[in-house]
Visitor: 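Sharing a structure, written as C-alpha cells. Questions coming.
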Amino acid sequence: MNESVDTIIWQEILNNLGIVVIIPTYNNDRTLLSVIEGVKQYSKHIIVVNDGSTDTTSGILKSIPGIQIITHTKNKGKGYALKNGLSAAKEQGFRYAITIDSDGQHYPADIPAFVNEIEMHPDSMLVGARNLTANNMPGKNTFANKFSNFWFQLETGIKLEDTQSGYRLYPLHHIGKMKYCTAKYEFELEMIVFLAWKGVNVKNIPVNVYYPPQDERVSHFRPLRDFTRISILNTILVIATFLWILPLKFLRKLTWANIRAFIDKEILKSKDSNRTMTLSIMLGIFMGIIPIWGYQMIVTVFLAHFLRLNKVISLVASNISIPPVMPFLLYGSYATGCVLTNSPVSFDFTGVSLERMKTVLFQYLTGSIVFALVCSILAGIISASLLLIFRKRKQAVDI
C-alpha cells in the first residue's frame, strides 16, 4: 500500500513539473520490461523508442499498457532514436525529458535525484555521473569517459565527472529545432556541448550504475567506429570553439564599461613595463593573424608564458581574428602574398586547377606571415605611444 501511494505521489510530482521519461531501446529484450516497470513507479508519461529491434522487443512493448511507442523499421542509431523521442516530447508540451537506457545499467530509483535537482536548479541540463570504480566497469569505458571529459572542458570551459552517461534530464525548450549533425552515440556529446554554448547550466548529479559480468553484457557500442566518430566530432567542436564561440563570447562582453574597466585594471594599473605590454600586444596581434586556426589562443598563451609577457594582454590581442574582422585579415594576407610574388590580386577562380590552388595557397600562407608581422609592428608603435601618454597621465593623476 505504501509503495502504491509513493508511486502516485511521484507520478504527480513529475506530471506537475512537465517531465516525461524517454527510453531508447535496441535488442535489449532481457532487461527492457524491468526498466519500464521500474520507470512506471515514478512516471506515468513514458516514451519508448524501438530503434529497429530484431528480438522480442516489439511483443514486449505491445503487452505493456500506458506507454507511448515510437518504432523505427530499421536500426538508425541511438542519436536518431533520442532525436525522435525528444522531438515527440517537445511537441506534446513537456518541459523536461529524462532519458534512461534500456540495458539495465541505470536504476529508475535515481529518478527522484533528477527531480530534486531540477527543482533547485530549473532549466538545467543534468547528466548522471556514474561511479567509474564500480564492479565490472569496463576499462575502455573509463578511458573513453576521461577522454570525453577533457574535450568537453576544452570546448565549453565546464568540468564534468561524466559526459557519456545516457541517464540525463534535458530542458526541452532549450533544445531548439533538433537540427543536430550526428545520429549515433556521439549525439549525446553534441547535445551537451551545444546547450553549454547556449548558456544552459550543465552539471552532473551522482547516480548508481550496474555493470553485469562480461558474459551477460549486451552492448551495441562499436569501439573503433564509434570512438572515431566521437573523435571527429570533438575535432569539429574544438575548431568551432576557437574560431566562433570564444570570439563571440568576447564580442558580447565588449561593452564600453567592460572595456574601460579592462584598460584601467590590466593596462593602466598593470605592474608590467611599457616594453612588456607593447611586446605582449605585438605577440597577440601576430598570433591572431597567422593561419593556425583553432590553436591561436593556446599557442599565444604558451609563448607569452615562455617569453615572460603579459598572458592576458596577449590573449586579448589575439582576438583580432574575430569573425567581423576575419575577411579583412584574409584579404590582407592574400594581397600581401600577391605583392611578394609579383602577382595581381585576383579573385577570378574560373577554371580552377590543382596548380592554381597551390599558387593561391602559397600566396596566402606567405603573405599571412608578412602581413601579421607588419600589423604587429604597427600595433606595437601605436601601443607604445599610447602607453607612454596615458600611463604618464595616470601616474600624474594618482600623485
Visitor: Under 3.5 Å, is there a donor on one side chain and an acceptor on the other for S4 and T7?
Guide: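 No, no side-chain donor-acceptor pair sits under 3.5 Å.
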Visitor: Among residues at least two apart in sequence or on other chains, which ones pass side-chain hydrogen bond (donor to acceptor under 3.5 Å, both in side chains) with E161?
Guide: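 Expected list: none.
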Visitor: Output the distance between atom OG (S314) and atom CG (L303), rounded to the nearest 0.5 Å.
Guide: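 It comes to 9.0 Å.
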Visitor: Quick one, K40 and V21 - any side-chain contact, counting heavy atoms below 4.5 Å?
Guide: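 No, side chains not in contact.
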Visitor: Using 30° and 60° as the class boundaries, would you call the ring planes of F147 and W151 parallel, tilted or perpendicular?
Guide: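 If you compare the ring of F147 with that of W151, the planes turn out perpendicular.
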Visitor: Working to the nearest 0.5 Å, report the span between CD1 of I22 and CZ of F94.
Guide: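 Output value for this atom pair is 9.0 Å.
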Visitor: Step by step, work out the side chain to side chain contact (heavy atoms under 4.5 Å, CB included) result for M287 and M297.
Guide: CA-CA 8 Å; M287 296 305 302; M297 294 185 182; over 6 Å; no
Visitor: Start with the C-alpha distance between D123 and H174, add both sets of side-chain angles, then the distance that settles side-chain hydrogen bond (donor to acceptor under 3.5 Å, both in side chains), and finish with yes or no.
Guide: CA-CA 8 Å; D123 300 319; H174 280 307; 5.1 Å; no
Visitor: With the side chain counted from C-beta on, respond yes when F187 and K78 share a heavy-atom pair under 4.5 Å apart, and no when they do not.
Guide: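 When only atoms from C-beta onward are counted, K78 and F187 do not touch, as no gap falls below 4.5 Å.
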Visitor: Within a strict 4.5 Å, meaning less than it, do heavy atoms of the T25 and N28 side chains meet?
Guide: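 T25 vs N28: side chains touch.
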Visitor: Relative to each other, are the rings of Y167 and F114 parallel, tilted or perpendicular (30° and 60° limits)?
Guide: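 Rings of Y167 and F114: tilted, 30 to 60°.
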Visitor: Check the pair H106 / S165 against side chain to side chain contact (heavy atoms under 4.5 Å, CB included), numbers first and verdict last.
Guide: CA-CA 9 Å; H106 302 148; S165 171; 4.2 Å; yes
Visitor: For the residue pair S383 and M277, establish whether any side-chain heavy-atom pair is separated by less than 4.5 Å.
Guide: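 Counting from C-beta outward, S383 and M277 never come under 4.5 Å.
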Visitor: Can D162 and N204 be said to form a side-chain hydrogen bond (donor to acceptor under 3.5 Å, both in side chains), step by step?
Guide: CA-CA 7 Å; D162 191 348; N204 280 139; 5.9 Å; no
Visitor: Charged N to carboxylate O under 4.0 angstrom, K74 versus D51?
Guide: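 Not counted as a salt bridge, because no side-chain N and carboxylate O are separated by less than 4.0 Å.
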Visitor: Assess the residue pair Q11 and Q41 against the criterion (side-chain hydrogen bond (donor to acceptor under 3.5 Å, both in side chains)); give the C-alpha distance rounded to whole Å, side-chain angles, the decisive distance to 0.1 Å, and a yes or no.
Guide: CA-CA 7 Å; Q11 287 181 344; Q41 300 299 310; over 6 Å; no
Visitor: Heavy-atom distance under 4.5 Å between the side chains of R168 and I98, does that happen here?
Guide: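 No. Closest side-chain heavy atoms not under 4.5 Å.
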